[in-house]
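All heavy atoms count here, side chains included; hydrogens, waters and symmetry mates do not. In what follows, chains are A, B, ... by sequence order, proteins preceding strands, each numbered from 1.
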Amino acid sequence: MLKVEGLTKHFGGTKALNGVSLEVEKQEIVGIIGPNGSGKSTLLHNITGLYLPDKGNIWFEGTDITNLPIDKRARLGIGRTFQNLRLFKLLTVWENLLVPAIQLKKPKKEMEEQAAELLELVKLSHLKNEQAQNLSIGQQRLLEFIRAMMLDSKIVFLDEPTAGFHPNMIQTFIDTLQELNRRGKTFVIIEHNIPAIMEISTRLVAIAAGEVLMSGDPHSVHSNPEVVEAYLG
Amino acid sequence: MEQLEKRILLALFLIALILPLFMDDYVLHIIILSCFFIMVASSWNLLAGYSGQVSFAHMALCAIGAYSSGLISTHLNLHPFLTIIIGALAASFLGLIIGVLTLRMKGSYLALTTIAFSEIIRLVLNLEYKVTNGSVGLSVPGLFGDVSSKIPYYYTALGLVCLVVFSIYKLVYSNFGLTVRSIREDETAAAAMGVKVVKHKVIVFVISSFMAGIAGGFLAHYNMLVSPELTTITQMGMVIAMAVIGGLGTFIGPIIGGLSLELISEYVKEFGNYHLMIYGLLLILVLRFSPRGIAGLLKKKSRVQNNPIIKSKGLENEVQK
C-alpha cells in the first residue's frame, strides 16, 4: 500500500533521515519507535507531505506521491495527527470533524452520520457542540484522531497519540483503533508508550539516527539488543 | 448566530426601516455613512476575522471601486448603479492580484506588503492629477442625479448593507466558510485535512475586495466626490477599530462597531484629529476587558443566561462577573 525508498532529509548540516526505506501493507498497524531526535516525526512529515524529501521516493497505492502537496495527499487518503495537537481550537468538536469531510465533497447526511458514529466510538458525543479548546488534552487527542478518520483515510499516521491521556482513555483509543483496523484501515503510529504500542501494533519498526534499525514482530524488535542499546544509549 | 444577536439585528433593521419618518437629513446622513463603514468593516472582518488575513489594503481597494465607478460613469456616461458593479469588479481584480502576490505571507509580512500597496494607490491617486484630479478629489455624478433628498440614498445604503451582511452570513456559515475558518485556526492542520489553503485564501480576498469596492462606489456617488483621503492609514485604522471594538471574527461585531463608532465620531469630530485618541482609548479598553469586542460580551451574556444550571441556581450575576 505504501512504499518508501531511500528517503533522505537534511536540516542544515544535520541529516535527519538517511536513506530510509519502508513498506506498509494494507490493514497493518505499524508502530515506529526510537529515541528522541531519531527521525521518526521527520519521516512522518515527509510521507504526509509536510516536508519534501531531499532524496528518495514515496509511492502510495502505486502512485508516486513524492512531490505532491500535503492537501493532495490528504485527499488521496493519507491522514495524520500531530505530536503537538493541531486542532481548530475555536471551532466546535462537530465543526472540526466536518472540515475534512467537506473537502471530499461528501453528501451532508453521510458526513453527519460518519461524524456521529466516530464521536460515539470515542465517547465524545456529549461534547459535540463544545469548542475544541475546552476539551481536556486526552479528549483533544481523541478528537484529532477521529478528525483524521473523517478524510476516509486509507492509511493514518498518528504521532504520539496517547501523550497526555488519562489511563482510562488509552483503552478507549486502543478499542477505537482496533475497531477501525478491523474495518480495513491501516495505521502507522509513533509512540513512546511502549506497553501501548506493543499491544496495538502488528509490526514494530525501530529507527535510530535517521536509519531503520530493525523491522518485524513487536516482541523480537523490542527485545533486540541493538534496539535496546539505541534507546538507552 | 446566537438568538440575542438575531434579535439585535432584527430590532436594528426595523428601526432603520422607519427612521426616515422621524429623523432629519443630518441623522440620515450619519446613518448612510454608518452603512458605508458597516460594509467596509464587515468585509474586512470576513478577510481578517474569518480567514486570518490581516490586510491594510482594504480602504485602497475601496478607493479603487470608488474611482473606477466615478471615472467610468463620468466618461462613458453609464448609470452609477452599473458602474458601481464595474468598480467593485475592478477592486476584486486588484484584490486577486494582491491575494496571489501575498499567498505565502502571514502576520507582519502580509500587513507590511498591504500597507505598501495601499501607499502606492494613495500616491498614484494624488499624483495622476489629470485623471484623478489629485488631492482636490474627483467630482462624480450622483446616484440619483440631482435629487437632493437623502431618503433614496438612505434606503439604497440600507439595502446594500443588508445585501453585503447577508452574503457574509451565508458565506461564513456555509461549508466554504467553515473551511475558511479552519484555515484561520491552523493553516497546516487545514492542509493536512485536505483543504486547498491557497485557493480559499485568494477567493476570500477577492470577495472581500468586491464588497469594499461596492461600498466605495456607493460612497463616491453619494458624496458626488471621491478623494485620496479614503486611502489614508487613518481611514484604515478607523475600519479596523470598528471591526475590533465590535468584535473581530464575529458576525454582529462590525455592524455594532461601524454604527457606534460613526455615531461617536459625529459627536467628537469638533475636536479634529483628537477624535482618533478616543478611538484609540476605546480600542485599548475593549482589548483589555473583552478581546472579542462588544459582540464577545453579548455572547458571554447570552450563554450565561441560557445555561440551565446557572439559571436554576440564580447565579447569572455571579458568573458574569
Side-chain angles (χ1 to χ4, degrees), chain A residues 44-45 47-51 68-92 94-108 111-112 129-134 140 143-144 146-153 156-159, chain B residues 1-3 45-46 48-52 103-104 106 170-204 247-251 253 290-293 295-296 299-300 302-304 306-309 319:
Chain A
L44 192 153
H45 293 332
I47 298 174
T48 55
L50 195 58
Y51 299 157
L68 283 188
I70 184 168
D71 59 304
K72 260 192 181 167
R73 294 189 204 199
R75 291 194 300 276
L76 277 179
I78 300 177
R80 67 163 295 166
T81 65
F82 293 86
Q83 186 179 350
N84 299 317
L85 280 158
R86 296 191 89 144
L87 285 169
F88 308 128
K89 288 188 175 177
L90 289 179
L91 304 189
T92 64
W94 188 250
E95 287 172 329
N96 264 273
L97 294 176
L98 294 190
V99 169
I102 287 167
Q103 312 318 311
L104 300 180
K105 299 185 171 62
K106 287 184 191 176
K108 191 172 179 239
M111 61 179 156
E112 287 184 350
N129 294 321
E130 201 61 57
Q131 278 184 336
Q133 65 177 356
N134 295 337
Q140 289 190 23
L143 174 60
E144 202 187 31
I146 57 170
R147 186 182 66 176
M149 301 312 303
M150 288 295 291
L151 266 173
D152 284 348
S153 305
V156 183
F157 291 82
L158 306 173
D159 200 349
Chain B
M1 199 172 18
E2 312 248 343
Q3 280 303 319
N45 181 46
L46 175 66
Y50 287 110
S51 83
L103 278 182
R104 315 277 172 202
K106 279 187 232 174
K170 291 305 280 181
L171 203 68
V172 167
Y173 293 99
S174 67
N175 285 346
F176 176 83
L178 182 55
T179 303
V180 166
R181 285 184 285 147
S182 78
I183 294 171
R184 172 197 66 192
E185 292 297 305
D186 190 327
E187 271 188 31
T188 304
M193 292 302 111
V195 172
K196 294 172 184 168
V197 174
V198 165
K199 178 183 145 189
H200 282 85
K201 281 171 77 172
V202 171
I203 291 175
V204 172
L248 191 63
T250 65
F251 178 70
S290 177
R292 299 213 74 193
K299 270 186 193 242
K300 190 176 171 191
S302 163
R303 280 196 185 135
V304 169
N306 292 327
N307 186 315
I309 300 168
V319 176

Using a 4.5 Å cut-off on heavy atoms from C-beta on, say whether the side chain of B:Ile183 contacts that of B:Ser51. no

Pairwise side-chain contact, B:Val172 with B:Arg181, heavy-atom cut-off 4.5 Å (strictly under): yes

Residue part contacting chain B, namely of [X], when any heavy atom lies under 4.5 Å:
| X | answer |
| --- | --- |
| A:Ile70 | both |
| A:Ile102 | side chain |
| A:Arg73 | neither |
| A:Leu50 | side chain |

Tell me if a side-chain donor or acceptor on [X] pairs with a main-chain N or O of [Y] at a distance below 3.5 Å.
| X | Y | answer |
| --- | --- | --- |
| A:Asp159 | A:Arg80 | no |
| A:Glu144 | A:Arg86 | yes |
| B:Thr179 | B:Asn175 | yes |
| A:Ser153 | A:Ala148 | yes |
| A:Gln131 | A:Leu90 | yes |
| B:Glu185 | A:Lys89 | yes |

Which members of residues 196-203 of chain B, sorted by number, sit under 4.5 angstrom from chain A on a heavy-atom basis? B:Lys196, B:His200

